[in-house]
Every structure is written in structure tokens, then in C-alpha cells.
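Take a look at the structure set out below.
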Amino acid sequence: MEKDGLEFLASTPTWLLELVTAWQGTEGSQNASGSQISTPSLFFDGNRNCALASLAGTMRRRGMGQEAILAALVKENEARCSPPLAQAEVRKISQSISRYAPAATENEPPDSWEIPLPFQIHKLPSFPTEALPPWLRRFVESLSIATQTPVDLAGLLSLAACALACAKKIAALVRYGWIEPLNLYGVAVLPPGCRKTAVVSAIEEPIIEREKELAAETAPAIIEAETRHRILSGKLQYIQGKASKATGADAQQLTQEATVLVQELSEIKIPSVPRYVADDVTSERLATMLKEQDGHMAIVSAEGGIFDLMAGRYSNDGAPNFEIYLKAHAGDTIRVDRVGRPPDYIYRPALTMALAVQPEVLTGLVRKQGFRGRGLLGRILYAIPANLLGRRKVDAPPLPETAQETYKQNMRRLLNLPFDQDEEGHIKSHLLRFSSEAAQRLREFDAWVEPRLAEFGELGHMTDWGGKLVGAVVRICGLLHVAENLRAAAPWDVPVALETIERAIRIGKYLIPHARAAYSCMGADPAIEDAKRVLSWVRRERLGNFSKRELFQALKGYFKRVSQLEPALAALQEHGYIRNRAVAPRPGAGRKPSPVYEVNPLWLDSRHDSEDSGNSEDQIEDPWTDGTGGADPQGALPHTEHFENGYRDPLKNPPLSMNGETGSDRDGMGEDIPTQASLVNQAPQYSHNPQNAMASESEEELFNAQERELLKGCSQESLEHIEKIKKSFPGSRVVKGNNP
């Protein structure tokens with residue numbers, strides 16, 4: 001076989017051919033030894049690299065070289081990966097695994113390291129802002145830069161803001177019998193101190209402004225209706241009092257007058273104060289507010305207290321009460337009849353939630369009675385952004401007025417969209433319809449999702465969420481369509497285009513790994529999470545060994561007592577990341593030496609290699625790594641790792657200018673970064689090498705001498721640029737390279 005210029009080695013052993021054949025076999029086929037081979041499942045996005053790395057690791061342990069490994073991976077990639085990885089990615093896997101030594105031989109010491117068992121890891125992409133309408137994309141990216149927050153926060157919550165404006169007014173008709181409302185439940189998770197409130201406030205500002213305007217506009221009508229109601233009520237009370245004492249014809253006359261007043265009172269409709277947003281509201285009060293606002297409301301908050309209210313914080317028996325949240329998401333009619341309060345009837349409500357909560361709120365949700373079993377958690381769209389604390393720019397540029405004003409104007413247009421009415425004057429929704437191409441693409445996405453809901457599929461452990469994914473994409477698609485056709489007289493009369501559903505699907509695929517991470521966090525083992533925090537510290541410090549005392553001193557801001565380290569250290573030893581090193585006892589009295597732990601060099605080396613290689617959607621996590629590379633000791637979710645995946649990161653990519661072009665601030669932070677072109681005729685080039693941070697004293701002196709030599713003759717401007725960057729990247733060096 002020949003693939004990518006390489007030939008499968010003629011000397012390939014039988015065991016390897018059987019291994020590859022077995023991985024590709026069909027049910028009922030036999031391998032070389034005559035044993036039955038079961039049908040294997042396909043590998044989809046997210047586990048393709050791990051599967052190929054596992055095969056490569058098996059072959060390497062058996063002594064196979066890179067060429068044989070590559071040839072086998074190419075065959076495996078074509079047969080079982082859906083879709084297949086790029087050839088360059090397959091080659092990268094074979095090169096990475098081939099760097100490691102084969103399995104132990106008889107001459108190797110018995111205490112050699114083995115590949116550690118990986119912890120669960122979720123690769124989390126950044127929010128695909130390019131899927132948003134241009135005006136909303138500019139606002140989201142600019143707001144993220146101005147507040148130094150991840151784009152996920154503003155991206156998800158801005159979609160929820162559009163849902164607040166469009167819900168109940170518009171619904172998406174997918175096909176006969178399937179009408180999807182456009183309201184969303186969005187929850188972004190970030191630790192305290194990450195400026196969630198600033199982002200929430202900026203997003204809801206035009207909504208609150210419009211709410212105040214409507215309240216002022218309706219105030220005279222409310223006052224007039226209330227005044228008439230009080231006057232008639234007073235008259236009715238007076239006449240009823242006289243009628244109760246009268247007899248004969250007088251009593252009959254007064255009774256007739258009282259009946260007329262009752263009829264007039266019943267015809268007086270006191271308008272409700274217009275409301276778009278609620279926050280700290282009980283389920284009972286929310287039902288009343290939905291009734292007053294024609295079933296159209298939103299809960300917007302930078303805290304997660306609403307979940308405690310759902311769980312029954314103020315109920316007499318402590319029982320949860322979130323039935324209204326289930327029905328108001330699906331658009332099911334709500335009928336509430338309780339003793340001591342008037343009945344509530346809400347036809348097809350559309351409730352929206354836009355929440356930015358702390359990780360502690362998320363981890364406690366699964367323990368709240370009925371939250372998952374009754375489907376509440378499956379209705380939520382999750383975003384777990386990267387924690388930017390410690391990497392934020394202190395003098396970030398403010399939110400541009402043009403982006404802010406455009407956002408306010410367009411949100412006002414959305415809020416002013418009219419309701420449809422039936423022949424009797426009752427409110428109903430305008431219906432969006434899909435073009436034939438868009439409908440076909442949606443069916444293809446539905447077919448793509450379905451096998452992932454199987455028992456061992458990617459979403460098999462969270463079908464309560466995965467089963468609603470296609471519906472969520474339809475809702476997002478409807479919001480994108482309306483936001484893009486704001487200037488049309490009737491956006492619902494414009495068919496949904498293929499391009500719009502494609503962008504909605506991209507957002508839907510972004511949500512999948514975030515939902516998986518959220519479900520994992522909600523059921524996380526504290527010992528495993530602590531172990532990943534320890535690994536993050538080891539990786540950052542490049543430690544080959546460490547003592548328990550050193551570990552406690554480094555992480556005592558998180559671990560309050562030394563004893564709290566024990567479960568984490570035990571988990572790390574069980575998984576093969578560290579092991580105890582014998583320490584000679586000290587003679588005489590005094591404190592016993594602190595236990596010392598050796599770090600698995602296979603994991604440590606693989607972490608160093610992966611840091612220099614960058615990330616991609618299916619980047620290989622070496623089979624001996626736990627994948628805690630992105631963990632932050634101050635972060636909320638140490639079991640997650642974020643990467644760019646071609647999406648925009650406000651700390652690394654430029655924002656869009658008002659005409660959609662990228663600005664000159666290459667890092668997206670409002671400051672020009674020197675490029676090779678800015679160092680014309682300067683031989684030295686700037687290079688960031690993490691390994692420089694571990695240089696010995698003699699190496700440090702050599703580096704300094706080389707750097708001084710290379711910088712001779714540089715202009716003052718270039719020297720200032722280089723010095724500025726060196727302060728931002730400790731351990732970086734100026735090294736010799738090609739002229740630009």
C-alpha cells in the first residue's frame with residue numbers, strides 16, 4: 001500500500017496486520033487466527049485523535065517505527081474516522097508517538113514508568129463570533145475587548161437578548177407539526193471577579209431603556225384606569241350598603257344599579273406596567289408576571305440565585321417548583337389554579353434566561369432535586385469560557401460608540417417588532433419558513449446528531465440535552481435570520497437561507513463540548529479536580545519532582561490544610577502521574593523530611609511538546625497526558641482546556657473595524673505589536689521559548705552575552721519594542737534568525 005508517499009513495510013509483523021484488520025473488521029469476519037471480530041464503532045469529532053494515538057501507542061510499545069505507524073494510521077483513519085483527519089494531522093500523531101521509547105525490555109529496570117491513565121478532558125472552543133450578524137459580531141467582540149472577558153460570555157448572552165426581543169412574536173415552522181419558539185435558556189460560567197456584571201449590564205442596557213420608555217408611555221393610561229376603577233368601586237360599595245338596608249321597590253332599584261356598576265367594573269382593564277426583565281423572582285410570581293406580559297418575559301442576571309428559588313428556597317416544605325420553567329421553554333400552555341390567589345392562564349408562554357453564574361452554582365445543579373430527571377438541565381445552553389484572570393490588559397480600549405449605538409438601535413428594532421393576531425384579536429406568533437436548501441441542511445444535521453445519542457455515542461450520557469440540540473439550532477437559526485433582516489418590512493416573510501442554517505449549526509457544534517464539560521463538572525469528583533489542579537502547577541513549574549511541603553506552599557491559597565492534599569496525591573499515584581521517592585531519614589531529633597514525589601517523565605515531556613505545537617480542533621492529546629494544559633489554579637474548571645479552533649480570541653486576534661476589516665492591533669487589545677517588518681535591516685528576531693526559563697546560571701550568562709551581541713546596531717525604537725515584549729513574556733530571548 002502506498003499513501004502520502006510512504007509504503008507499508010513488507011516486514012510488518014502478523015500481529016500488527018491482525019490489529020489493524022481487527023479494528024476495521026466487519027461483524028462475522030475472522031482475523032488471521034480464525035477468531036471472530038466484532039463490528040467497531042466509528043470515531044467522530046473529539047475522539048478521533050485519541051483513538052489513533054491509542055493504536056500508535058500500542059504499535060510503538062511493540063517496537064514499530066514511525067513509517068509503519070504512519071501507514072497503519074492512514075488506513076485506520078480512512079476506515080473509521082468520520083470525517084477522516086487531514087493527512088498532516090495523521091503524520092503529526094505518528095511523529096509525536098514515535099518520539100517515545102518502545103516498551104520495557106528485559107534489560108530495563110523494573111521500576112520504569114508506564115503510560116499514566118488519562119483523566120477526562122474536554123476541548124472547549126471559543127464562541128464562533130463570525131456566525132453572528134455583522135452588527136452583533138462587532139458589538140460582541142468590542143465588548144469582550146473593552147471588558148477583557150472571553151467572547152463566549154457576550155456571544156451567548158447577546159443571543160439570549162435577541163431571543164428576549166423575538167420570542168412569542170416569531171416562531172420557526174420547520175415542517176408540519178413542528179413549530180419551534182425562539183426563546184433560549186443560556187448560562188455562561190465564570191469565576192468571581194471576571195466582570196460578568198459589566199457584560200450583562202451592557203447587553204441588557206437597551207432592553208432596560210426601552211422598558212422604562214414603555215412604562216412612561218403607559219403610565220397615563222394606567223392612572224386613568226385605576227382612577228375609574230376606584231371611583232366605580234366606591235360607588236358600588238355605597239350602593240350595596242344602601243341596598244342591604246332598603247326594602248321593596250327601593251331595594252330592587254338599588255340592586256339594579258349595583259349590577260350595572262359590577263358590569264362596568266368588569267370591563268375596565270388596568271394595563272400592566274410593561275416589563276421585559278426579572279431577576280430575583282419566585283416561580284409563583286413569575287407565573288403572574290408572564291400572565292401580565294402576555295407570556296413574554298426574560299430572567300437576566302449575573303448571579304445564579306434563580307436556581308435556588310427554583311429549588312424551593314421560599315417554599316413551605318422546601319420542595320422544588322420549576323414546572324413553569326419547563327413549560328415556558330417549550331411553549332406549553334400554563335394553567336395555575338391555587339387556593340388564595342386568582343387563576344393564571346398563559347397561552348404558549350416564551351420565557352428566556354440569560355445568566356452568568358459562578359462555577360459553584362453549576363457544580364450544585366445536578367444535586368438539586370429533579371433538575372436533571374425532569375429535563376431542566378437539558379434545556380440550557382452552556383458556555384464555559386476560558387478564565388482570563390491574570391492575563392487581562394489593564395488599559396484596554398473602551399467600547400466604541402459606533403458599535404454600541406448600532407447595537408442599541410438594532411435591539412430597539414427587535415423589541416419593536418409587532419405581534420401577530422388572529423381573527424378574534426388574540427396574540428399569536430409570526431411563522432418563519434425555511435428554504436428548501438436550508439430545510440435539507442437541517443435534516444442532514446439531524447441525521448448527524450442522531451447516532452451520537454446512542455448508548456455509547458458522544459451524547460449518549462446526556463440525551464436530555466442532546467435530544468434538544470436540533471431544536472436549539474432551529475431557534476438560533478431563527479434569531480440569526482431575524483437579526484439579519486431587521487430592515488425588511490416583515491422578516492418572517494423572507495425564507496431562511498442555507499447560509500443562515502449553516503452558521504446556526506456552527507454555533508450548535510460549539511455548544512456540544514461546552515455542554516459535555518458542564519455535565520462533567522456537575523458530576524465531578526473533587527479529588528480528581530484537585531489532582532488536575534496539582535498537575536497544572538507541576539506543568540507550569542516544569543517539575544521533575546516535588547515535596548509535599550513545596551506543593552502546599554505553592555497552592556495554599558486553595559488547599560487550606562496539608563491533609564487536603566492527600567486525596568489528590570492518591571489519585572495522581574493511582575493514575576500513574578507521580579510516585580513516592582524514598583527519602584533517607586534525618587539522624588537525630590527534628591522534623592521528619594517532607595515526602596517527595598517523582599513526576600512521570602512520559603507525561604511531563606509530552607506536555608512540553610504539546611505546548612509548542614499549538615492547538616486545533618482535534619489536536620492530539622498524547623495517551624499519557626491528562627490534558628490539564630489549560631488549567632488555571634485560580635480557574636473554575638480545571639478539567640477543561642480551551643483552544644482557538646479557528647475562532648476569535650480577544651486576547652490573540654484583532655477586532656473588526658466598522659467596515660468588517662481587521663485593525664492594526666494584531667493582538668486585538670488596541671495596541672500595535674511589532675512585527676518582523678518593523679525591524680527592517682535588523683538581524684535579530686524575537687523568539688519566545690518556554691524552555692529558556694529553566695536555564696542554569698552559566699546558560700543565563702551565555703544567553704545574555706549572545707543577546708547583547710545580537711542587539712548591537714538596533715534602533716532605539718526596536719530596542720524599546722523588544723524590551724516591552726520581554727516584560728510581557730518572562731523567559732523570552734532574542735535569538736539569531738533570518739532577516740525579514
Side-chain angles (χ1 to χ4, degrees), residues 133 159-186 207 210-211 214 271-272 274-278 286-287 289-300 324-335 344-354 379 381 410-435 438-439 442 468 470-497 500-501 504:
L159 271 179
C162 293
L164 157 65
C166 298
K168 191 67 184 282
K169 301 175 183 177
I170 306 171
L173 175 61
V174 182
R175 57 175 177 265
Y176 179 77
W178 182 3
I179 297 178
E180 197 73 42
L182 299 189
N183 55 311
L184 298 176
Y185 287 0
I207 300 171
R210 184 56 181 153
E211 188 178 79
L214 290 175
S272 300
R275 290 285 300 275
Y276 284 126
V277 176
L286 179 60
M289 294 180 71
L290 279 170
K291 176 184 177 182
E292 295 172 349
Q293 305 302 323
D294 296 319
H296 179 221
M297 279 287 295
I299 295 176
V300 181
I324 189 170
Y325 292 92
L326 302 179
K327 291 186 175 181
H329 179 272
D332 297 334
T333 298
I334 297 174
R335 298 176 180 85
D344 291 326
Y345 175 81
I346 310 158
Y347 179 69
R348 291 190 176 177
L351 179 67
T352 292
M353 284 201 301
R379 287 166 162 79
L381 306 181
N410 288 336
M411 281 302 302
R412 183 180 291 269
R413 289 190 179 98
L414 289 175
L415 292 168
N416 290 337
L417 287 173
F419 287 96
D420 195 7
Q421 293 184 342
D422 59 20
E423 296 178 353
E424 299 178 357
H426 297 150
I427 288 176
K428 69 175 186 177
S429 302
H430 300 281
L431 293 181
L432 290 176
R433 289 172 171 79
F434 289 75
S435 66
L442 181 62
K468 297 178 176 63
V470 177
V473 167
V474 172
R475 298 183 185 211
I476 293 171
C477 180
L479 296 174
L480 297 179
H481 173 83
V482 177
E484 289 166 350
N485 293 274
L486 275 174
R487 300 189 181 278
W492 41 86
D493 289 340
V494 180
V496 176
T500 307
I501 190 64

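The first residue in the sequence is number 1, and the count goes up from there.
- Here the CG-CD1 distance, from L351 to I334, works out to 8.5 Å after rounding to the nearest 0.5 Å.
- When every heavy atom of E211 is checked against every heavy atom of V277, the shortest pair comes out as OE2-N, 3.1 Å.
- A donor-acceptor distance shorter than 3.5 angstrom exists from the side chain of K169 to the backbone of L417, with no hydrogens or angles considered.
- In terms of modelled atom types and a separation under 3.5 Å, the side chain of H430 and the main chain of P418 share a donor-acceptor contact.
- Y347 places none of its side-chain heavy atoms less than 4.5 Å from the side chain of I427.
- A heavy-atom distance below 4.5 Å is not found between the side chains of H329 and M353.
- The distance from atom CZ of R175 to atom CD of E180, rounded to the nearest 0.5 Å, is 10.5 Å.
- Counting heavy atoms from C-beta outward, L480 and P133 have side chains that approach closer than 4.5 Å.
- Between the OH atom of Y276 and the OG1 atom of T352 there is a distance of 12.5 Å, given to the nearest 0.5 Å.
- Of all non-hydrogen atoms in A165 and M411, the two that sit nearest each other are CB-CE, 4.3 Å.
- For the atom pair I346 CD1 and I324 CD1, the distance stands at 5.0 Å (nearest 0.5 Å).
- Residues R475 and N183 meet the side-chain proximity criterion, which asks for heavy atoms closer than 4.5 Å.
- Between I207 and V300, every side-chain heavy-atom pair lies at or beyond the 4.5 Å cut-off.
- For the pair D332 and L326, the minimum side-chain heavy-atom distance is 4.5 Å or more.
- Between the side chain of H481 and the backbone N or O of W492, no donor-acceptor pair lies under 3.5 Å.
- For L479 against L159, the heavy-atom pair with the smallest separation is CD1-O, 3.7 Å.
- With a 4.5 Å cut-off on side-chain heavy atoms, R487 and R413 count as touching.
- Closest non-hydrogen pair, A488 versus V494, comes out as CB-CG2, 4.4 Å.
- Between the CD atom in E484 and the OG1 atom in T500 there is a gap of 4.5 Å [rounded to 0.5 Å].
- Here SG of C477 is found 7.5 Å from CG of L442. Values are rounded to the nearest 0.5 Å.
- Nearest heavy-atom pair, L414 versus V482, reported as atom, atom and distance to 0.1 Å: CD2-CG1, 3.7 Å.
- Looking at R379 and Y325, their side chains never come closer than 4.5 Å, going by heavy atoms from C-beta outward.
- Heavy-atom minimum distance, P495 versus S435: CB-N, 4.2 Å.
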